[in-house]
Amino acid sequence: MDLSAQLIKWYQANKRDLPWRHTTDPYVIWLSEIILQQTRVEQGLPYFNRFLEKYPTVSHFAAATEDEVLNLWQGLGYYSRGRNMLYTARLVQELYRGQFPSSYDQLISLKGIGEYTAAAISSFSANEAKAVVDGNVYRVLARYYGIDEPINSTGGKKTFQSLADGLLDKNRPALHNQAMMEFGAMLCKPKNPACGICPVHLDCYAFKNNATIALPVKLKTVKIRKRYFNYLLIMRGDEILMHKRGAGDIWTNMYQLPLIETAGPTELHNLMELPQMQQFMADNVSLSPVSQVYKHVLTHQHLYVSFTKVDGKTGGYGEGYFFTEVKNLKNLALPQIIFLFLTKFLN
DNA sequence: AAAGCGGGGGG
DNA sequence: CCCCCAGCTTT
């Protein structure tokens, strides 16, 4: 039995029962695949259920607003996925009259769908013979065949895709792809892989050479930038001043409190002296810290975030600023750090 | 080819 | 603390 057949056999006996495995509707598969990009199944599952309930078809999705989609996406991260989904849903509604495509060539041209996702949707929904290569597949193949070429190098990606293509069971591509990924996720895990119960460990390079820890190889680069976010809490009765972020930075088009970003940590008395404060402060000012400094960790940035209560002006805050009732906050897409603070502070 | 983009979980 | 997660887009 070749590797594919062995893993399929393992999969059929050990697979998890996941909702998107009960459908061949390319729209539903698409929904699940985008949500699961760089996201664990357990984390994405509740979002999948909520999105499917609210948008049962791509036509429903296409009719949504960006605020609505981002609000539903809140907390999941990589928010461009949500914005791209709306763009794609509207395109599919127009171009394909609401019939979500299932062929690799059509899928790969859509925004938010790359090689992995096009292969996944086309194989799962139409049994097209395209091999998926995700983080799980990289790991399984690197270990089994002992490949130390970096998985995130250009050459490495080609090497692993070619290998996966050759391995694909063309008679049952959907089953093959599911098996490869499930095996990587459940058994051939990044840390502490379960080699003891692995059906293919006797043929596995990494097992035989005690190299599971060293494989796969990944070039690491990530440089982390420190940023200092001083958020202002400005209330007017039961209303709160909010600001809609623009493009070109994190959290595109999401809602936050008025923000003054500084080059370093800023004490209260220094914050008061900043020229940007004139945009927000009343004449008789009073500032009071209402939180400690939170460290909010993103992949490429560490945010040091503080919240300060300010007696605001009566108006004239500028473009993008608006007062909204506190009870309306649940309808705004908030970055997690803002959501957590407001939830804590307002209750 | 490299950088940018969230948030959470596990060791 | 580190790494990884059903990756993609932009530069």
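Proteins come first, then strands; the chains are lettered A, B, ... in the order of their sequence lines, and each starts at number 1.
Across all strands, T39(A) comes closer than 4.0 Å to base atoms (heavy-atom distances). Backbone-only contact: G75(A) has heavy atoms under 4.0 Å from sugar-phosphate atoms and none from a base. Contacts of W73(A) with the nucleic acid, taken as non-hydrogen atoms under 4.0 Å apart, are absent. D249(A) comes within 4.0 angstrom of the backbone, heavy atoms only, and of no base. Base contact: R21(A) has a heavy atom under 4.0 Å from a base atom.
No side-chain heavy atom of Y231(A) sits under 4.5 Å from any side-chain heavy atom of I260(A).
For Q38(A) and dG4(B), the CD to P distance is 16 Å, given to the nearest whole Å. In this structure, the CD atom of Q161(A) is 14 Å from the C1' atom of dA6(C), given to the nearest Å. I34(A) has its CD1 atom 9 Å from the C1' atom of dG7(C), to the nearest Å. H300(A) has its NE2 atom 13 Å from the P atom of dG7(B), to the nearest Å. Distance NZ (K218(A)) to P (dG7(C)): 10 Å, rounded to an integer number of Å. To the nearest angstrom, C1' of dA6(C) lies 13 Å from CE of M85(A). Rounding to whole angstrom units, NZ of residue K191(A) and C1' of dC3(C) are separated by 5 Å. The interatomic distance linking E33(A) (CD) with dC5(C) (C1') rounds to 13 Å, in whole Å.
Side-chain contact, Y138(A) with N152(A): no donor N or O sits under 3.5 Å from an acceptor N or O. There is a side-chain donor-acceptor pair under 3.5 Å between D165(A) and Q161(A).
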Hey, can you pull the donor-acceptor pairs under 3.5 Å for the side chains in residues 98-123 of chain A, sequence neighbours left out?
unit_1, atom_1, unit_2, atom_2, d
S103(A), OG, Q106(A), N, 3.3
S103(A), OG, Q106(A), OE1, 3.0
S109(A), OG, Q106(A), O, 2.8
Y116(A), OH, E33(A), OE1, 2.8
T117(A), OG1, Q37(A), NE2, 3.0
S122(A), OG, A118(A), O, 2.8
S122(A), OG, A119(A), O, 3.3
S123(A), OG, A119(A), O, 2.8
S123(A), OG, A120(A), O, 3.2
S123(A), OG, N177(A), ND2, 3.0

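Ranked by how close their nearest DNA chain C nucleotide is to the 5' end, H302(A) and E182(A) are led by H302(A). Mapping N192(A) and R40(A) onto DNA chain B via the closest heavy atom, the residue that lands nearer the 5' end is R40(A). The residue among Q301(A) and G155(A) whose nearest nucleotide of DNA chain B lies closer to the 5′ end is G155(A).
For the C1' atoms, the distance linking dG9(B) with dC8(C) amounts to 23 Å, nearest Å. Between the C1' atoms of dG6(B) and dC3(C), the separation comes to 16 Å (whole Å). Using atom P as the reference point in both dA3(B) and dA6(C), the two lie 25 Å apart (nearest Å). Comparing dT9(C) with dG8(B), their C1' atoms are spaced 23 Å from each other, to the whole Å.
The shortest distance between the side-chain N/O atoms of H296(A) and the OP1/OP2 oxygens of dG7(B) is below 4.0 Å. Close to dC5(C), at under 4.0 Å from its OP1 or OP2, lies no side-chain N or O of Q43(A). For dG4(B), neither phosphate oxygen OP1 nor OP2 lies less than 4.0 angstrom from any side-chain nitrogen or oxygen of R225(A). Proximity of Y138(A) to the phosphate of dG7(C): no side-chain N or O atom is located under 4.0 Å from OP1 or OP2. Taking only side-chain nitrogens and oxygens, W251(A) comes nearer than 4.0 Å to OP1 or OP2 of dG7(B).
Checked by atom type and distance alone, the side chain of R139(A) pairs as donor or acceptor with a backbone atom of G184(A) at under 3.5 Å. In this structure, the side chain of N127(A) engages the main chain of A174(A) through a donor-acceptor pair within 3.5 Å.
In this structure, F124(A) has its ring center at least 6.0 angstrom away from the ring center of W20(A). For H201(A) and F207(A), the gap between ring centers is short of 6.0 Å.
Nearest nucleotide to the Q336(A) side chain, out of dA6(C), dG7(B), dC5(B): dG7(B).
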Dot-bracket for DNA chain B, 5' to 3', with Watson-Crick and G-U pairs under 3.5 Å, [ ] for crossing pairs and | for other-strand pairs: what is it?
|||||.|||||
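Summarising the local packing, CG of L340(A) is surrounded by more than 12 heavy atoms from other residues, nucleotides or ligands at distances under 6.0 Å.
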Enumerate all atom pairs, one protein N or O and one N or O from nucleotides 8-11 of chain C, separated by less than 3.5 Å.
unit_1, atom_1, unit_2, atom_2, d
dC8(C), OP1, G114(A), N, 2.8
dC8(C), OP1, G114(A), O, 3.4
dC8(C), OP1, T117(A), N, 3.1
dC8(C), OP1, T117(A), OG1, 2.8
dT9(C), OP1, G112(A), N, 2.5

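Using bins of under 30°, 30° to 60° and over 60° for the plane-to-plane angle, the ring pair F51(A)/W73(A) lands in the perpendicular bin.
Looking at R81(A), its side chain has no donor and acceptor atom pair within 3.5 Å of the base of dC5(B).
A cation-pi contact, defined as under 6.0 Å to the ring centre and within 45° of the axis, links R50(A) to Y47(A).
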